[in-house]
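Notes follow the structure.
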Amino acid sequence: MKDHRLGAWSWPLACLLLLATLTSTTWAAKHGDFKTCSQSSFCRRLRSLSERSQTAGFHSPYSLEEGQHSPSSQQDGASWTFPINTELYSDIKFALTVDFLEKGDGIARLRVDEVGSKLPWKRYNEAAKWALVDAEPALTSVGNVKKGSSKGQTVFKYGASGQLELVIGHAPFKITFRRDGEDVMYINERNLFHMEHFRSKEETPAQVDGGSEDQQVFSAASSKKDTAWFEGEPDGELWEERFSKWTDSKPKGPEAFSVDISFPGVEHIFGLAEHASPLSLPSTDGGRYTEPYRLWNVDIFEYEYDSTMALYGAIPLVHAQNAKHSVGLLSLVASETLVDVTHPKSGVQTHWMSESGIMDLLILPGPDPSSLFKQYASLTGTTDLPPQWALGYHQCRWNYIDDTDVLEVQRRFDEEDIPLDVTWLDIEYAEEHRYFDWDKKHFPDPVKVQNEVGSKGRKMVAIVDPHIKRTEDFRIYKDAQEQNVITKKADGTTNFEGWCWTGSSVWVDFFNPASWSWWKDMFSFNVWKDSTKYLYIWNDMNEPSVFDGPEISMPRDNVHHGGWEHRDVHNINGMMFHRATHDALVAREEPAKRSFVLSRSFFAGSQRYGAIWTGDNMGTWEHMAGETSMLLSLNICGMTFCGADVGGFFGNPTPEMLIRWYQAGAFMPFFRAHAHIDTKRREPYLYDEPYKSIMRDTIRLRYTMLPVWYTAFHEASLDGTPTMRPQYVVFPKDVNGFAIDDQYYVGGSGLLVKPITAASMNSAEVYLSDNQPYYNYFNHHMYPASTSRRHVTVPAPLETFPLLVQGGNILPIRERARRASTLMWRDPFTLVIALGRGGEAEGELYLDDGDSFGYQRGEYVWRGFRVVPERGQTVVSSFAKVEENGTSLTSYSATGNEWARKIDGVRVEKIVVLGLQKKPSKVSVDGEVTELEWVWEAGKAANGKSEGTASRLTIKNPSVQIVRAWNIRIA
């Protein structure tokens with residue numbers, strides 16, 4: 001395979017790519033390929049502010065004038081503008097705009113930009129255009145905001161009951177956010193706010209003749225006022241910056257900005273996805289980490305499992321949490337951003353440093369994690385409800401070599417009775433890596449193989465990367481030239497060229513609106529004739545990855561549509577490619593079907609376009625352990641459809657490790673096995689017993705749980721609530737759980753998961769926060785309710801892992817795992833009822849056709865289930881969560897809900913009740929004369945107060961339909 005792959009390339013490129021793809025027995029992340037703060041001029045300048053702020057006499061040179069009401073989004077909108085003066089440069093002016101938004105229950109927006117500059121440049125101000133659902137969110141009415149002034153301050157009171165306050169301090173410049181009279185956030189408390197103004201080269205430091213680059217003095221034009229006390233010594237890289245062999249021309253000069261944001265009384269902050277770090281962000285002041293958390297999307301090869309280094313995506317969002325409140329902050333800036341975190345006794349302090357753009361901060365007021373998710377979703381949107389098959393098992397490697405290989409994989413999965421929904425093709429399917437053009441030597445009839453896979457109820461995914469091979473006989477390249485949608489070099493007119501898998505390549509500028517309709521056409525079945533409705537897309541390398549570019553990416557002085565430099569938009573670049581492909585797949589069929597596009601790079605708002613994964617991880621225990629905290633961080637930052645390469649992209653895991661990877665992957669939102677081209681084949685069916693059966697049973701468990709996952713995704717699509725919920729989200733008052741990032745809950749189901757991530761483990765400790773019993777899903781062992789929070793030891797032999805059901809929950813599952821999820825839609829359900837300490841339980845189930853947008857027209861079923869102790873009986877009920885189309889769902893004949901009618905016959909085939917206090921004497925359905933058949937197992941903890949096997953009542957074939965209202969009485 002490797003010989004064929006290299007033979008198609010020129011030898012210089014072959015050597016380059018061979019070096020780039022060596023497996024990691026000796027290599028790890030190459031630190032020398034990526035900048036540190038000290039190697040980045042803007043970070044050097046801004047980070048040193050923190051050190052100087054400790055010296056005597058240091059103060060903020062910025063002060064505010066009295067603000068003026070300035071409606072911008074609506075006639076009477078709550079918006080004020082404050083002129084900002086700086087004593088550093090008397091002729092430079094900035095302005096602070098404070099907006100109070102209509103949505104989000106109290107979101108405040110703070111923007112700072114330079115005003116009145118005579119130079120022809122402006123700061124990038126369009127990040128909101130791409131990240132937010134509405135580029136300019138509507139403002140609340142002025143009547144909902146009370147403005148007052150006192151002692152050099154402007155005080156705004158707002159929120160549903162006026163419980164929120166934003167205090168704007170004029171001199172010194174400081175902003176305080178309060179809830180119910182308590183300070184919960186400070187902006188510029190440490191006087192680190194600074195915005196570098198536009199200037200000409202004549203106004204900037206000049207080199208000393210004959211001196212080194214570091215020996216700089218102010219020119220006469222800039223020496224009128226000594227600014228070194230605040231800005232530091234002059235920097236020789238304001239207008240041109242070198243890193244390794246590359247030079248960044250920086251035509252606009254310095255335009256970085258800095259701001260410190262503190263959270264008093266807080267010990268934990270979360271967010272800043274994506275980093276391979278703990279969920280609760282450690283300090284960067286010399287303990288565990290010395291470098292700030294870097295947000296700069298890069299193609300990093302074999303990333304470290306514990307680091308602040310930049311990875312593939314960037315979401316500049318943090319949540320701060322204590323036992324009394326939650327508060328969040330979103331910094332809408334698309335340029336490189338670095339964040340220092342420190343943990344003094346007073347709370348948590350952060351220092352944000354960005355290379356370019358305006359300062360655009362959105363304060364999410366909370367007061368709890370659930371509110372933060374809804375507020376963030378109101379701004380950036382929710383996760384698209386994915387096609388249900390996308391939640392099944394995905395089999396991938398680099399690469400399935402030909403159509404025979406693809407079909408053999410299907411056959412072997414069927415032969416071994418292992419469910420499979422999607423088979424993936426990496427870059428080798430395309431002739432010379434010219435995406436869209438199949439290699440007809442190995443895939444002579446792509447439509448035929450897609451149809452054969454589709455006939456089994458399955459799908460395929462093929463990779464389409466953003467680099468386009470620069471050759472005149474490639475239609476995509478010719479079209480991109482004719483459309484003039486190729487990203488430009490620094491001169492703004494010459495097409496940028498670089499190297500990637502295709503060899504010499506160009507990159508489409510997806511900020512250019514002309515590219516959008518053209519890209520849709522590329523996926524049309526009439527244009528891409530080798531594609532079918534069974535084929536979906538994988539967008540990799542979209543940071544963008546450029547093998548011969550600085551930091552394996554595009555030069556920062558490249559130019560995009562609108563004249564913006566790449567430095568301004570870099571972190572949004574991957575999302576724009578993801579967005580364009582998503583829109584293309586939705587447009588290719590009539591009526592439209594939901595798209596599935598996997599992306600490696602992302603930004604705030606990417607959740608609207610599909611799934612992401614954590615990139616080139618390694619098949620090690622350390623990487624497996626680190627994935628849980630990474631996925632939890634992604635979830636709280638809105639990327640709820642995420643996963644990690646099961647087995648690790650690099651390496652050859654032992655059978656034990658691979659089994660533990662599968663168990664972890666089966667409870668990731670996106671469940672895909674993937675591997676590097678140089679690894680051994682590791683499809684589950686290749687292993688000896690008992691390993692093969694354990695992996696098969698783990699994959700089948702995922703399919704059993706698909707109704708739980710799909711319901712969790714439905715909830716996420718409504719309000720942004722995570723599908724993976726860390727301990728602090730479920731129990732925001734329990735400070736002992738805030739730092740826990742190795743266990744989590746699946747949606748609102750009550751399922752508590754703790755992956756096993758170390759060798760030779762046969763048990764694990766799980767932390768329980770609440771006064772509820774917990775039941776082991778596999779053997780129904782019960783850990784009784786307790787008023788004290790505690791750790792429990794859960795057995796974890798190789799074939800199982802800690803999977804507990806919180807008392808008070810009902811799990812709707814499907815126990816008949818078929819070869820693909822698309823074949824399960826008429827299968828019956830089992831209800832697993834884990835009774836709470838008072839004998840109560842609740843759950844829900846969301847169903848639709850799993851593929852179309854019919855759910856937006858009311859074509860869905862959303863049922864609730866409840867267990868209530870009632871006069872010596874236990875009543876199990878089914879009810880409608882909502883009234884769809886305004887009609888109660890007791891009868892579908894009166895509604896226009898065609899989907900509900902199609903599944904009207906789907907039944908509940910079994911109900912399992914765990915934790916019932918005594919053996920029943922009768923089980924019956926209301927309105928039915930005949931009693932139901934049931935089996936009672938007393939267990940060893942029937943009183944609910946001692947640990948042991950829970951009682952189990954199994955009600956067989958209760959003959960009730962999943963879409964109807966019914967009551968079952970247990971007497």
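Positions are given from 1 along the sequence.
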[X] side chain near [Y] side chain, heavy-atom distance below 4.5 Å:
X: Arg814; Y: Leu706; result: no
X: Ile363; Y: Leu329; result: yes
X: Asp368; Y: Ser371; result: yes
X: His674; Y: Asp426; result: yes
X: His714; Y: Tyr860; result: no
X: Asp33; Y: Val298; result: no
X: Leu701; Y: Gln663; result: no
X: Met624; Y: Pro755; result: no

Between [atom1] on residue [X] and [atom2] on residue [Y], distance to nearest 0.5 Å:
X: Cys642; Y: Asn635; atom1: SG; atom2: CG; answer: 4.5 Å
X: Ile572; Y: His578; atom1: CD1; atom2: NE2; answer: 15.0 Å
X: Asn297; Y: Ser553; atom1: CG; atom2: OG; answer: 8.5 Å

Is it the case that the side chains of [Y] and [X] hold a donor-acceptor pair, with the cut-off being a distance below 3.5 Å and no angle test?
X: Asn617; Y: Thr614; result: no
X: Glu844; Y: Thr711; result: no
X: Trp424; Y: His394; result: yes
X: Asn542; Y: Ser599; result: yes
X: Trp352; Y: Ser354; result: no
X: His676; Y: Glu302; result: no
X: Asp848; Y: Tyr710; result: yes

Evaluate the ring planes of Phe667 and Trp709, with Trp represented by its six-membered ring, and classify them as parallel (under 30°), tilted (30 to 60°) or perpendicular (over 60°).
->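 Tilted, since the angle between the ring planes falls between 30° and 60°.
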Tell me the salt bridge (Lys or Arg N to Asp or Glu O under 4.0 Å) pairs involving [range], sequence neighbours left out?
range: residues 612-636; value: Arg600-Asp616
range: residues 707-720; value: Glu715-Arg725
range: residues 697-708; value: Asp417-Arg700
range: residues 658-668; value: none

Could you tell me whether a side-chain N or O of [X] sits under 3.5 Å from a main-chain N or O of [Y], the two making a donor and an acceptor?
X: Asn539; Y: Ile463; answer: no
X: Gln375; Y: Gly366; answer: yes
X: Asp299; Y: Val546; answer: no

Walk me through it: do Asp540 and Ile427 pass the test side-chain contact (heavy atoms from CB on, under 4.5 Å)?
-> CA-CA 10 Å; Asp540 198 357; Ile427 59 177; over 6 Å; no
Is the closest basic N to carboxylate O distance between [X] and [Y] below 4.0 Å?
X: Arg672; Y: Asp645; answer: yes
X: Asp583; Y: Arg608; answer: no
X: Asp742; Y: Lys754; answer: yes

Non-neighbouring partners of [X] that pass side chain to side chain contact (heavy atoms under 4.5 Å, CB included), sequence neighbours left out:
X: Ala673; result: Tyr393, Gln395, Val646, Tyr662
X: Asp306; result: Pro278, Arg288, Tyr289
X: Asn809; result: Gln806
X: Ala716; result: Thr640, Thr723

Output, in order, the C-alpha distance, side-chain angles, deciding distance and verdict of side-chain contact (heavy atoms from CB on, under 4.5 Å) for Met576 and Phe603.
-> CA-CA 9 Å; Met576 297 302 291; Phe603 188 67; over 6 Å; no
Please report the closest heavy-atom contact between [X] and [Y], naming both atoms and the distance.
X: Thr308; Y: Thr284; answer: CG2-CG2, 4.3 Å
X: Ser307; Y: Met309; answer: OG-N, 2.9 Å
X: Met724; Y: Pro726; answer: O-CD, 3.6 Å
X: Pro386; Y: Phe641; answer: CB-CE2, 3.6 Å

Taking ring pair (Phe, Tyr, Trp, His ring centres under 6.0 Å) as the test, write out the residues that go with [X], two or more places apart.
X: Trp621; value: none
X: Tyr534; value: none
X: His582; value: Tyr609

Pick one: which of Phe373, Tyr376, Phe270 meets ring-ring contact (aromatic ring centres under 6.0 Å, His included) with His319?
->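 When Phe373, Tyr376, Phe270 are each tested with His319, the ring-ring contact (aromatic ring centres under 6.0 Å, His included) holds only for Phe373.
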Option passing ring-ring contact (aromatic ring centres under 6.0 Å, His included) with Trp613 (candidates Trp538, Tyr312, Phe649) =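 Exactly one candidate clears the test, Trp538.
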Would you please test Tyr846 and Tyr855 for ring-ring contact (aromatic ring centres under 6.0 Å, His included) and show each step?
-> CA-CA 11 Å; Tyr846 174 83; Tyr855 70 93; 7.2 Å; no
Who passes side-chain hydrogen bond (donor to acceptor under 3.5 Å, both in side chains) against Lys533, sequence neighbours left out?
->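 None.
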Is it true that Phe301 and Phe650 have ring centroids separated by less than 6.0 Å?
->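 Yes, the ring centres sit under 6.0 Å apart.
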Does the separation of the ring centres of Trp389 and Phe596 fall below 6.0 angstrom?
->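 Yes - the distance between ring centres of Trp389 and Phe596 falls below the 6.0 Å cut-off.
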How far apart are the C-alpha atoms of Leu811 and Ser749, what are their side-chain angles, what is the distance that settles it, and do they pass the side-chain contact (heavy atoms from CB on, under 4.5 Å) test?
-> CA-CA 7 Å; Leu811 299 178; Ser749 68; 3.9 Å; yes
After noting the C-alpha distance and the side-chain angles of Trp825 and Gln388, does the key distance pass the side-chain contact (heavy atoms from CB on, under 4.5 Å) rule?
-> CA-CA 10 Å; Trp825 66 279; Gln388 185 168 359; over 6 Å; no
